[in-house]
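Values below: all heavy atoms of this structure, side chains included; hydrogens, waters and symmetry mates excluded. Both counts, for ligands and for their atoms, begin at 1 and track the order of listing.
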Amino acid sequence: MAYTLSINGQARQVDVPEDMPLLWVLRDELDMVGTKFGCGAGLCGACTVHLDGNAVRSCQTPVGAVGTARITTIEGIGQTAKGAAVQKAWIEVDAPQCGYCQAGQIMSATALLTSNPKPTRTQITEAMSGNLCRCASYHRIMEAIELAAKETAHAG
Ligand code: FES
Ligand code: FES
């Protein structure tokens, strides 16, 4: 089936089965490999993208369910003020170790700070609980989110 998807502000056309996960469409059809395949079962968060600003697991999102929602991926998140601030904070605290989980972490963190610009530690922990990191970079991720929140607090 033919779909026109809005991805990072651009219209992208694909012709795929409606039940194909969005993650497959991004990586295999559009060669957008920044979004990672981890578990394929909604358990790790490596595949997190935004649909209309909300963090979703693209491995669990059939392309047929996307409709007209705006898709944002790690390739485009830096175009948003919050996303750029999160990425800058990530670099400042040197958050990644192997890096595999980090695209998903950044997408979840940006969605959190967009909906809740000044989260408490508990709220950060809750919001990020679906994003696993085998390298256990959780402490630096917390630090990066708090830094990004501080630096964007004036922007609301
Ligand atoms: S790959 Fe989607 S949640 Fe793990
Ligand atoms: S940095 Fe290696 S899995 Fe998170």
Within 4.0 Å of some non-hydrogen atom of Gln102, the atoms of ligand 2 are 1 (S), 4 (Fe)
Answer yes if the side chains of Ser137 and Gln102 hold a donor-acceptor pair under 3.5 Å, and no otherwise.
-> yes
Check ligand 1 against Gly42 and write out every atom of the ligand that is under 4.0 Å from a heavy-atom position of the residue.
-> 3 (S)
Answer yes or no as to whether an N/O/S atom of Cys101 is found below 2.8 Å from atom 2 (Fe) of ligand 2.
-> no
Where ligand 1 meets Cys59 - atom numbers and elements under 4.0 angstrom, heavy-atom basis | 1 (S), 2 (Fe), 3 (S)
How long is the span from the SG atom in Cys133 to the CE atom in Met128, to the nearest 0.5 Å?
-> 10.0 Å
Give a yes or no on whether Cys98 keeps an N, O or S atom under 2.8 Å from atom 2 (Fe) of ligand 2.
-> yes
Assess Cys44: does it contribute an N, O or S atom lying under 2.8 Å from atom 2 (Fe) of ligand 1?
-> no
With atoms numbered from 1 as shown, which atoms in ligand 1 lie under 4.0 angstrom from a non-hydrogen atom of Gly40?
-> 1 (S), 4 (Fe)
Heavy atoms, side chains only, cut-off 4.5 Å: are Thr80 and Ile77 in contact?
-> yes
Record the part of Leu43 in heavy-atom contact with ligand 1 below 4.0 Å; permitted values are side chain, backbone, both and neither.
-> backbone
Closest protein heavy atom (residue, atom, distance) for atom 3 (S) of ligand 2 | Arg134 N, 3.3 Å
Would one find an N, O or S atom of Cys39, in either backbone or side chain, under 2.8 Å from atom 2 (Fe) of ligand 1?
-> no
Roughly how far apart are Leu147 CG and Lys150 NZ, rounded to 0.5 Å?
-> 6.5 Å
Quick one: which of Leu5, Val63, Val14, Asp15 gives a side chain to side chain contact (heavy atoms under 4.5 Å, CB included) with Glu29?
-> Val14
Should Glu146 and Arg121 count as an ion pair when the cut-off is N to O under 4.0 Å?
-> yes
Examine the proximity of ligand 2 to Gln105 and report which part, side chain or backbone, both or neither, has a heavy atom under 4.0 Å away.
-> neither
Counting from 1 in the order shown, the ligand 1 atoms closer than 4.0 Å to a non-hydrogen atom of Cys47 are 1 (S), 2 (Fe), 3 (S)
Check whether more than 12 heavy atoms from other residues, nucleotides or ligands sit under 6.0 Å from atom CD of Gln123, and answer yes or no.
-> yes
Glu92 bridged to Lys88 by N-O distance under 4.0 Å | yes
